[in-house]
Asks: 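One structure coming up, written as structure tokens, with questions to follow.
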Amino acid sequence: MTDLMPPKNPQWWKRSDVKKTFILWIICTAVIGYVGVEFHVRNLVDPASETMSSIISLMRMFTWAAAPVAGLVTAMSLTVLTSKRHYGDNPPAEADHEIRNSPKAAAVWIVISGLLCLFALIGGLVVLEQENEGVLNTQAIQVDVTGQQWLWNFDYANGARSEDLYLPVNKPVVFHITSVDVKHSFWVVQMGIKMDANPGYTTETAVTPNKIGVFDVRCAELCGLLHAYMQTKVHIVSQADYDAWLSAHAAMEAGA
Amino acid sequence: MTTLTQHTSAAPGKSIIEKLNVFTALALGVISAIVVWRLSLALLPQDSEEVRLFSREDKITLLSMCAWFIGFMTGIGALVGPMRWVMGKDLSHDENMFLAGENMGPKRYLRYTTDHKVVGIQYLFITILIFFLGGGLAMLIRTNLGTPEGGWLHAQAYNSIVGTHGILMIVGTIIMVTGPFGNFIMPIMIGARDMAFPRLNALSFWLIVAAAVPLIWGQFIGGITTGWSAYNPLAGQAPLGMDGYIMYICIFAISTMVAGANITTTVVKMRAKGMTWNRTPIFIYGVVASVALALPAFPVFFLSQILSAFDRALDTSFYNTAGGGSGWLYENLFWIMGHPEVYVILIPAVAALMEMAPVFTRRPLFSFNIAVLGIAGISGLSVLVWAHHMYISGWAPLLNAPFMLTTELISIPTGMLFLVLIGTLWRGRIWMTMPLMSIFALLWNFMIGGVTGIYLSDVPADAFLHGSMYVTAHFHYTLMGAGLTGALAALVYWFPKMTGRMFDKTLSWIAFWMVQIGFNVAFVGMFMVGLAGQPRRVESYAPTFSTANLVTTIGAYTIMIGMLVLLHGVITSARNGVKAPKNPWQAKTLEWTVDYPIPLENFDVLPVVTTDPYGYGKAKS
Ligand code: HEM
Ligand SMILES: [Cu+2]
Ligand SMILES: [Cu+2]
């Protein structure tokens, strides 16, 4: 904003439109940042895992990082829109200047966008790194997830098989995901994980549920006629309940 | 059939060129399709036990569609020139003049006409038609989603409507600026008499018409049930309608390549004397960047669909893991095209607004060099980011970090486009017109589209957002909120040059506000359901999503009314709008120096350019 002034004028900051923009900038940044964050946080599902919580804080962080830039564009637009407007079928008089560029403004702009980029990148990489480690955890509960048109099957190490997912709270889980027909996408909504189920391949993702309750599993990749109905529930229960459920189901499979 | 006989019998003495038009093309296309259909039905062997079900039907369908295509292109006259050349006698001057369509009245719009202005109007017409059809389908989608429990549409019909809407709109937005304005305005703007290859120009347009029919045909043989991205292996098991999609894409890809070669050559070789690159209007850069980006992208699209056709009809397994292929191959090919393609759409629309910004603020374009750099930077980077659409496909988790880097880097050149626009508005003399307000609308919408793009480019956040309505809202903000907004402004801005009449001011304002408000209502609602966990491409949803979905549906109806007002404006203004002066906006680019109606070769004396077209400001007025 600043350097769009004629370079000859040393006191560009005293101009009324600059002052007005500056005030608007503060206001717009605050409003956009606040509304943007609230919009996301309120509409987002309640987190049921650390992964989801960190996604929410990433979004909060990114929104605040983007707010000053968005605020500046909005503030300058508002200043321009509230300045003298010309209506009518013939053009207004030409502007009182013929500024064609401002290397300083451009440089500032580019450096700032570069820094924001770097910031977003680092923020993402840190969280990504934590998640990648989860998949390698051999101590975790291992569940095989198989998508098929149009339901999910979950296989546990002890032979239990179910169309609902049962997991104990606060225990890391690794999912090994595949499909028997077309591509599906395994989305545990409140836990912030998603991984495609590809026929012929096995993919992995990991999470540690941290809340007892019933949450949603939905398919996130169009997989044909009943894609919309390819949903199930994940029940997060205490360790004792989980053990009971697991052995009952294993016995059921064995008996069947 | 009848049309064909009428036309051939009507004028015995005419040369072949004069007999051909869209009716002979339709007739020949339909006849060829029927003949080949009957023949292949009779001659193709039955599927054996080992061969996948339906592949015989796929062969028959694809062959008939190819026959339609060849018949139509022959019937429109696309082959006359090349055939003559092969026989060693080129077209005579009279024939070339006839092809250019001079003094032929409205009939030339129904022919293989080479005048770039005719092609521009033809493109405008077909763009409007595509948006009309695609918009109608969108209203069906939104009506169905007005209530949670899956509405009155059958699930297969719903899926097919979603896919058809998507691919229609993608094609519509690809051609919406470079088609009408790139053809009609661009050559005049650079001071040329026509395009470099006028016959290729006609070819690129009629290919789009030829492509449309398989898509419509596909609707009656099972539809396009895969979404616009037509992922395999789902596309492999989809009904025969999929073959319509494949043909549509292949023909459209040829059209895009032809147009790209033509437009690029025209701009490089035919700019007026004195129009150095520094004096070339920014809109021209936008058009060239768009088609130059499409040039490498669309052959990949073409190829991806050819392989898809092989898998369906010849039982190959390019995309079938059991047979040694991979669905990930398809995804890669698709997005290697798909991401550049979104900038094919966006860049010319933004460039058009950059062209208008100095006109409606009466000051020079701010930082022409940064504008060029931004366009170039986006074009360059956009071929390196495709795998951000595959973060969670499991294809190559280790590549997620590098693709996150390239994707986030794109926001730097994108920011440059913002700088140029806002810098030009700043301290300008604001002339309140619909195109001027469209710049503000673009800044707002594209800001939301861009920032949400950053969330999506972040791998952990995308693990939540991918495949949800949030993505749908993101790309509508960019494609429609930014892209279409620019194209509509371009329509109002260049309307006087293309029709000789001004676009009705009141109608343009009503349409603008209805579309923009409706748009923001509709897609904010869509962001909300995405964040709450609604997947995209679903025909029913959990009741918790119903309020926001209803909001989106209401927004969608508002957009529809706005668009109908705009269409009404186009028709009434073109018919009996106020006669436009030569240069109603007092702009300084060359297209405003020619009178309406524009003579066949635009300029009697070719112009010589001595400055760039942005010399507004105090010294001049
Ligand atoms: C400004 C920077 C942008 C960034 C960082 C960005 C980022 C992304 C990302 C990461 C995705 C993948 C989301 C997912 O499927 O999980 C995406 C999807 C998409 N974006 Fe953007 N985008 C940007 C601008 C644009 C623009 C300008 C357009 C079009 C004019 C566009 C159109 C699309 C489309 C069509 C899709 C989704 C395709 C589909 O899955 O059907 N984006 N974008
Ligand atoms: Cu699905
Ligand atoms: Cu992309």
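To find a chain, count down the sequence lines: A is the first, B the second, and so on, and within it residues start at 1. As a basis for the values below, the full set of heavy atoms in this structure was taken, side chains included, without hydrogen atoms, waters or symmetry mates.
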Asks: I want to check something: taking the side chain as every heavy atom from C-beta on, are B:P233 and A:P199 in contact at a cut-off of under 4.5 Å?
Replies: yes

Asks: Could you give all pairs that pass the salt bridge (Lys or Arg N to Asp or Glu O under 4.0 Å) test and reach residues 109-119 of chain A, with sequence neighbours left out?
Replies: none

Asks: Side chain from CB out, backbone as N, CA, C, O: work out which of these in A:S185 comes under 4.5 Å of a heavy atom of chain B, or both, or neither.
Replies: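 A:S185 touches chain B through side-chain heavy atoms alone.
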
Asks: Looking at chain B, which one of A:V127, A:T203, A:V189, A:L225 has the largest number of heavy-atom pairs inside 4.5 Å, strictly under?
Replies: A:L225

Asks: Using 0.5 Å steps for rounding, measure from the CH2 atom of A:W109 to the CE atom of B:M416.
Replies: 11.5 Å

Asks: Rounded to the nearest 0.5 Å, what's the gap from CG on B:L465 to CE on A:M59? Could you check?
Replies: 4.0 Å

Asks: For A:L125 and B:A401, which heavy atoms make the closest approach, and how far apart are they?
Replies: CD2-CB, 3.6 Å

Asks: Hey, are the side chains of B:I430 and A:V80 touching, using non-hydrogen atoms and a 4.5 Å cut-off?
Replies: yes

Asks: Which pair of heavy atoms, one from A:P91 and one from B:Q586, lies closest together, and at what distance?
Replies: CG-CG, 3.2 Å

Asks: Report the relative orientation of the aromatic rings in A:F62 and B:Y455; use parallel for angles under 30°, tilted for 30 to 60°, perpendicular for over 60°.
Replies: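 Ring orientation, 0 to 90° scale: parallel.
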
Asks: Side-chain contact test, heavy atoms from C-beta onward, threshold under 4.5 Å: evaluate it for B:S468 versus A:W187 and give yes or no.
Replies: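 Answer yes - side chains close enough.
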
Asks: By the salt bridge (Lys or Arg N to Asp or Glu O under 4.0 Å) test, which pairs, at least two apart or in different chains, include something from residues 322-331 of chain B?
Replies: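 Non-adjacent pairs meeting salt bridge (Lys or Arg N to Asp or Glu O under 4.0 Å): A:K183-B:E331.
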
Asks: If you round to the nearest 0.5 Å, how far is CD1 of B:I454 from CZ of A:F119?
Replies: 11.5 Å

Asks: Closest approach of A:E98 and B:Y616, non-hydrogen atoms and distance?
Replies: CB-O, 3.6 Å

Asks: Counting only heavy atoms closer than 4.5 Å, note whether B:T544 contacts chain A via side chain, backbone, both or neither.
Replies: neither

Asks: Heavy-atom distance under 4.5 Å to chain A: side chain of B:S540, backbone, both or neither?
Replies: both

Asks: Do B:W395 and A:N198 make a side-chain contact, defined as non-hydrogen atoms from C-beta onward lying under 4.5 Å apart?
Replies: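 B:W395 does not reach A:N198 side chain to side chain.
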
Asks: Please output the residues of residues 41-49 of chain A in contact with chain B, using a heavy-atom cutoff of under 4.5 Å, in numerical order.
Replies: A:N43, A:L44, A:V45

Asks: Would a 4.5 Å heavy-atom cut-off, applied to side chains only, mark A:M76 and B:L425 as touching?
Replies: no

Asks: Any idea which of A:V188, A:I55, A:L121 has the most non-hydrogen atom pairs under 4.5 angstrom with chain B?
Replies: A:L121

Asks: Could you walk me through whether A:H227 and B:L234 satisfy the side chain to side chain contact (heavy atoms under 4.5 Å, CB included) test, starting with their C-alpha distance in whole Å, then the side-chain angles of each, then the deciding distance to 0.1 Å, before giving a yes or no?
Replies: CA-CA 12 Å; A:H227 162 60; B:L234 182 63; over 6 Å; no

Asks: Any non-hydrogen side-chain atom of B:M390 less than 4.5 Å from a side-chain atom of A:D196?
Replies: no

Asks: Nearest 0.5 Å, please: how far is CG in A:L81 from CE in B:M432?
Replies: 6.0 Å

Asks: Determine which pairs satisfy salt bridge (Lys or Arg N to Asp or Glu O under 4.0 Å) with at least one residue from residues 362-374 of chain B, sequence neighbours left out, and list them in order.
Replies: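 Pairs touching residues 362-374 of chain B that pass the test: A:E94-B:R362.
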
Asks: Does any backbone or side-chain atom of A:I193 lie under 4.5 Å from a heavy atom of chain B? Answer side chain, backbone, both or neither.
Replies: backbone

Asks: Using non-hydrogen atoms only, which part of B:F360 is less than 4.5 Å away from chain A: side chain, backbone, both, or neither?
Replies: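 Contact with chain A is absent: no heavy atom of B:F360 under 4.5 Å.
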
Asks: Does any part of the side chain of A:I110, heavy atoms only, come nearer than 4.5 Å to the side chain of B:I370, both counted from C-beta?
Replies: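 Yes; the side chains approach each other to less than 4.5 Å.
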
Asks: Quick check: do B:L436 and A:R85 have side-chain heavy atoms less than 4.5 Å from each other?
Replies: no

Asks: Kindly indicate, with the supporting measurements, whether the criterion side chain to side chain contact (heavy atoms under 4.5 Å, CB included) is fulfilled by B:R429 and A:D96.
Replies: CA-CA 9 Å; B:R429 286 270 158 76; A:D96 61 2; 4.3 Å; yes

Asks: Give, for atom OH of B:Y231 and atom SG of A:C223, the distance between the pair rounded to the nearest 0.5 Å.
Replies: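 Between B:Y231 OH and A:C223 SG, I get 13.5 Å after rounding to 0.5 Å.
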
